[in-house]
Amino acid sequence: MFGVYSLTGWVYCAVAETTASWWAGDEFVCYEDIDGDGRFESAMLSGAPFLGVPLFVFELGERRALAEPAPYTVISGAEGPSVEFALVATVQTRRLPGMLAEAPPVTMVTVKGGFRASADPGGVGRAADPPTTPIAGWADTVVLGPERPNRIHVLGAELEILGLGEDNAVRYRVISSAPAQVERIAMSVTRSTTYTPIFIPG
């Protein structure tokens, strides 16, 4: 189950068999322990995701009481599921705002962290880069220069950017690796209104 923080506190959700018809897709059901006694008392169905996109729903269903409370156990983060993350570097050479006209452009290296999607090398970036799902906030940028430390910090890892090779390949040294850690990923709710014109022949 994955946890989602709601207006009443944490709810814990799991994928459920869909009950949709023509817009088939997996739905999920969220369970609540309102009084915090270690048992779920109510549940909310999400309904089918719009156009089959996972977790893309318009609103949760009504809260319904379970026939009887369902006990559960909270495990430590070390016992829970884990995913690998990857760091991917990108290089930009451009002029910064306020630079003198005669000043040369600067080179910036940005290292972004994200979940490793697969070991297939045919995904995002160069052929040697593992496909990743980037996470906002897991990034750091340095402006390369001979008098700068050129250090990057991402998720507790510290890297020193040594320079650039052919095809802007980034050369680096790992000063300290990222420790095992629990990172909470926020699930956000986006609300929007779309108006679709309907033409009725007269």
Side-chain angles (χ1 to χ4, degrees), residues 1-7 9-15 26 28 30 46 49-50 52-57 74-99 105-192:
M1 291 182 166
F2 58 92
V4 179
Y5 195 74
S6 69
L7 295 177
W10 284 97
V11 296
Y12 296 92
C13 308
V15 175
D26 288 334
F28 59 92
C30 296
S46 69
F50 182 64
V53 179
L55 302 184
F56 182 19
V57 297
V74 178
I75 61 176
S76 67
E79 298 179 74
S82 62
V83 295
E84 290 187 345
F85 73 92
L87 300 178
V88 178
T90 56
V91 180
Q92 282 187 318
T93 300
R94 61 187 178 91
R95 303 184 63 81
L96 297 178
M99 292 181 61
V106 299
T107 299
M108 298 181 295
V109 175
T110 298
V111 175
K112 295 182 179 181
F115 294 135
R116 185 190 299 274
S118 72
D120 180 8
V124 179
R126 301 192 308 267
D129 290 333
T132 61
T133 301
I135 303 298
W138 292 9
D140 195 11
T141 300
V142 294
V143 178
L144 297 185
E147 299 179 357
R148 295 186 173 94
N150 297 333
R151 299 283 179 92
I152 278 183
H153 302 83
V154 180
L155 287 177
E158 184 177 8
L159 310 175
E160 181 181 12
I161 306 301
L162 302 176
L164 303 178
E166 296 182 2
D167 298 327
N168 277 345
V170 177
R171 295 186 295 109
Y172 64 94
R173 177 171 66 95
V174 177
I175 298 174
S176 60
S177 58
Q181 56 196 290
V182 175
E183 289 286 337
R184 288 182 173 175
I185 307 301
M187 176 182 290
S188 61
V189 177
T190 302
R191 301 184 185 276
S192 62

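Keep in mind it's a predicted model, so treat the numbers as computed, not measured.
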(request) For A139 and K112, work out which heavy atoms get closest and say how close. (result) CB-CG, 3.9 Å

(request) Quick one: closest heavy-atom pair of D140 and I152, and the distance? (result) OD2-CA, 3.5 Å

(message) Within the structure provided, determine whether L159 and L87 are in side-chain contact (heavy-atom separation under 4.5 Å).
(response) yes

(message) Are more than 12 heavy atoms, taken from residues, nucleotides or ligands other than Y172, located less than 6.0 Å from that residue's OH atom?
(response) no

(message) Looking at every heavy atom in both V142 and R151, which two are closest together, and how far apart are they?
(response) CG1-O, 3.0 Å

(message) Can you confirm whether V170 sits close enough to L164 that some side-chain heavy atom of one is under 4.5 Å from a side-chain heavy atom of the other?
(response) yes

(message) Within the structure provided, determine whether T107 and T93 are in side-chain contact (heavy-atom separation under 4.5 Å).
(response) yes

(message) I need the minimum non-hydrogen distance between S176 and G156, along with the two atoms involved.
(response) OG-O, 3.9 Å

(request) Check N150 against V143 and note the closest heavy-atom contact, atom names and distance. (result) OD1-O, 3.5 Å

(message) I need the minimum non-hydrogen distance between E160 and I175, along with the two atoms involved.
(response) CB-CD1, 3.8 Å

